[in-house]
Structure formats: C-alpha cells, structure tokens
Amino acid sequence: MEVDGEDPPKKPSSSSQLNLPPSMNRPTVSLETQRINRLIDSNHYHSPSKPIYSDRFIPSRSGSNFALFGLEPSPGKDDGPGSYAGMLRAAMFEPDTPEKRDVVTGFSPSRKMFRYKTETQRPVNSFSPLGGAGDDEAPGVSRSPVKPTRNILKSAYKVLDAPALQDDFYLNLVDWSAQNILAVGLANCVYLWNACTSKVTKLCDIGIDESVCSVSWALRGTHLAIGTSSGTVEIWDALRCKRIRTMEGHRLRVGALAWSSSVLSSGSRDKSILQRDIRCQEDHVSKLTGHKSEVCGLKWSYDNRELASGGNDNKLLVWNQHSTQPVLRYCEHTAAVKAIAWSPHLHGLLASGGGTADRCIRFWNTTTNTSLNCVDTTSQVCNLAWSKNVNELVSTHGYSQNQIIVWKYPTMSKLATLTGHTFRVLYLAVSPDGQTIVTGAGDETLRFWNIFPSPKSQSRESKIGALSFGRTTIR
C-alpha cells in the first residue's frame, strides 16, 4: 500500500528492533511538521490523510528519581503536548488566554486583547511617582503628572476703610492706574492711594453740592477723569493734583467712563454716550444714542476698535470707532447690565453680567455676532474682569451672597469663592501686574485679594509695573 506523497515502504532496518511506537518506523519526517506538532494543541483538528509525527521522544517524568540529583519535582504539572501548549500560552500571553476554539467560534467577551495588566506581586504605585494607578495600566508606564490646582487665599490680605463709599449699583467709584495708584471717589472727594508706599493723597473736592459718580484713569496713568452728579466731566493731572479741564454735555449724572487712547467716552443717566477727544477744544466730538435708560457700563476693547455699553434698559450694545448707532445689540439679559469685560486673550470675546433679576454671565463673539455661553451665578452680577496673565476671570456679586468668584474659562468652573464683604460688592479694579484685585462695597471697606498668578512672560514695561507694585510693602 502506498501513502500519498511518500515512497513505497522498504525492508525494515535494525532500528525497527527498538521499542518504539509503530508509527515512528517512518524514515522520513518533516522537521517543520514536527515543530508545528509541538506548538499546536492536542484539540486542534488533524488531517485524516496526513498523520503528523514527533521529532523526538520526550519521556514521562512521573517515574524519574529527582532526589538523586537534589531536585524536587514540579507539583501539578501534567505531561503531554496539551500541557506544554498551555504553558506556552501562559508564558507568551497570560494564564486566562482563551482556547483556540474561541478563535474559531468567534470573539469571546472575556478576552483581554492588547491591554496592560498590573503585576499582582508588585503594586503599580511603586513604579510611578504619582501612585494610585488603575488596574489596567502597565507597571512600566507612568501617567503624565497632574497639574496641581492653584491655591487661592480665601481671605483679603489687606482692608482699607472707605467712609462714605456709596452703595449705588450704577456708579463706578474705584480704578487702579498703570502707575500703581488707586483712585477712590468718596462722597464729593477723590482720594489717591499709593500701592507702593501706602500714602494717601486727597486729589480734589468738587463741592458740597456735587458728588463723585465715576472715576477712570487714562491709559498711561497720569490723568484721571471724574464724572459728577451734575453731568460734567473733569480731567485732573494726578502728579500735580491740578484740574486741567471741565467738559459738559450731559444733563444728568455721569456714572460710567472709559478711555481709548486720547478719546474719553462718558455714559450718563440721560441715556446718551458722549465721545470726547481731549486734544480738541470741543467738549465732545460725537453723541451715541441707543439706550433707553441710564448707561451704567462702558468698556473699550483692547485694540480700541469696539466700545461695549450696558444700560438699565437690560441692553448690551456694541459700537465701532465711527458709529453713532450701535452695530450690535444683545437683548438677552433681563436686568441692568453694568458688568462688562473684553477678553485680552481672544479678539472679539465679550463678557457681560446682569443684575438681580438676571444673575447671569453671558459670553459673546462680536466678530461673528453669536452668543457663546450663559452661566447662572445665582446672585446679582456687579462687575467682571479678565486676568491678563491667564485665561480666567473674576466676578463680584451683590444680592444675595455678596461674594467674589474666580472662574476658569471656557469651562467656567469655579476656582475660588471669596467672602468678606457684608454689602454688595459694587466696585472692582485690577492691579497693573494683573495679580491683585481690589473690591469695594457699601460696607465702606476696600479689600485686596491675591487671586491671579504672575505672568509667564512680561514686556519691559510690565516688569517695571510689577516691580513697583511692592506686594510686601502694602500687606
């Protein structure tokens, strides 16, 4: 009888006298076939037409005398190709690697393919400086370090008494200059507080029949604009403590002021906004009309191209440099809009906050004229200010919690909630280095808070401002 693919059997040689299985009398055995026989499982399907032979004889160790060589037999080890295949799988993969029948029949839900697994004898945190890694993480692979949350001091580091500081939502009585001088309007007087020396200077007294309604520093910090209850705007030289100009035009009090280079914008209870170029002899060069109630918030964008105004008519309006009518109107707020802030990090990003009946901070893209987000703060929003060092902002609040909140943008997660004022936190200003804020309230106090980190990179000008701040001298 001939076997497919093989020569007819020859006369048995002397090797047939060995005590071998009859099937091993075949003189020609493929080495590759024998290697495959060693690697596959005994349950694997064998071709009935081609028997597969072993390339060497592996004796059973059950009767071996291991004590003769000082060895101990391995307990629980079964002999046979099935046991060897199981050990091979355990060494190459893991003990619970699925059988080959899982591969044939389909994917098994219990299989763990291409996943790291922690060692059972050694905890994962001994490999990683972080510790506490998950069970599915490889021992030799450490996670990226988690950046720790910045610790913000929850209490004010300095408190100044401010007698006669008005508890009026529509006024703006505190501003911090680029020269590190804080201006505060108290009744009919304006006082200057030097953050480097803590020296207090009385800048002016505008008269017993008048009261200060707003103060705003020019960009260089050498001149201060003062809005009065009679509707006039005064320009003062802070270095010489001298008034250099008085400008008229409004019929009622001026509660909002904003500078753009040499142009000063003033908002009044008479519902109008006047644009004043202090280089011109005229008191104002244009008049902006659009609000139907008192203008209580004014802010120029950082590129001086857009002016945002908020009013007691619950409207937020945006103007360009040459318009006398608003180019954008936002009417979503349901209460007065005093809190306005332009982002220094993203062009056209504007934040606004509503009063007691609204309590929301809204974000707008003035470039695309779209509403981006709305956050309910649960209390009256009095002021907003962005950090120039990081993408964060701070809001101050009135009814009913009188708190200060530091937010992370754009997630609007709360980084800190600061309390200390017993009245509405109506006034807010940021130090020239961008790290400290000062808040004022009807409790007649000014409180200083260290909330923002230092800038990662500063220009020469901002370094001078940071050095002159002298944090330790004012604590």
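What you see is a predicted model; the values in this text were computed from it and never measured.
Between Arg150 and Glu392, at least one side-chain nitrogen of the basic residue sits less than 4.0 Å from a carboxylate oxygen of the acidic one, meeting the salt-bridge criterion.
Shown here for Trp176 and Trp217, the closest heavy-atom pair between the two residues is C-CD1, 3.8 Å. The two atoms that bring Ser309 and Leu298 nearest to each other are CB-CD2, 3.6 Å, heavy atoms only. Listed here is the closest heavy atom pair of Tyr427 and Asn383: N-ND2, 3.4 Å. The two residues Gln281 and Arg245 have their closest heavy-atom pair at O-NH2, 2.9 Å.
Remark: side-chain polar atoms of Ser268 are paired, donor with acceptor, to backbone N or O of Arg253 under 3.5 angstrom. Side-chain atoms of Thr232 do not come within 3.5 Å of backbone N or O of Glu248 as any donor-acceptor pair. Counting only distance, with no hydrogens or angles, the side chain of Lys338 and the backbone of Phe169 share a donor-acceptor pair below 3.5 Å. Put simply, the side chain of Gln435 never gets that close to the backbone of Ile451: no donor and acceptor are under 3.5 Å apart. Using a distance-only test at 3.5 Å, with no hydrogens or angles considered, no donor-acceptor pair links the side chain of Thr324 to the main chain of Leu288. Side-chain atoms of Asn188 do not come within 3.5 Å of backbone N or O of Ser211 as any donor-acceptor pair.
More than 12 heavy atoms of other residues, nucleotides or ligands sit less than 6.0 Å from atom CG of Asp376. More than 12 non-hydrogen atoms from other residues, nucleotides or ligands lie less than 6.0 angstrom from CD of Gln321.
Interatomic distance, CD1 of Ile181 versus CG of Leu224, reported as 11.0 Å (0.5 Å rounding).
Between Val215 and Asn172, every side-chain heavy-atom pair lies at or beyond the 4.5 Å cut-off. Ile340 is listed as a side-chain neighbour of Leu316, based on a closest heavy-atom distance under 4.5 Å.
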Open item on the list: Using the rule given for salt bridge (Lys or Arg N to Asp or Glu O under 4.0 Å), can you reason through Glu282 versus Arg276, listing the C-alpha separation, both sets of side-chain angles and the distance that settles it, and then say yes or no?
Closed with: CA-CA 8 Å; Glu282 294 83 1; Arg276 309 172 186 272; over 6 Å; no
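Figure legend: Lys315 and Tyr330 shown without cation-pi pairing, the cationic atom not lying both under 6.0 angstrom from the six-membered ring centre and within 45 degrees of its axis.
Trp407 and Ser413 form no side-chain donor-acceptor contact under 3.5 Å, judged by distance and modelled atom types alone. Side chains of Thr419 and His421: no donor on one and acceptor on the other come within 3.5 Å.
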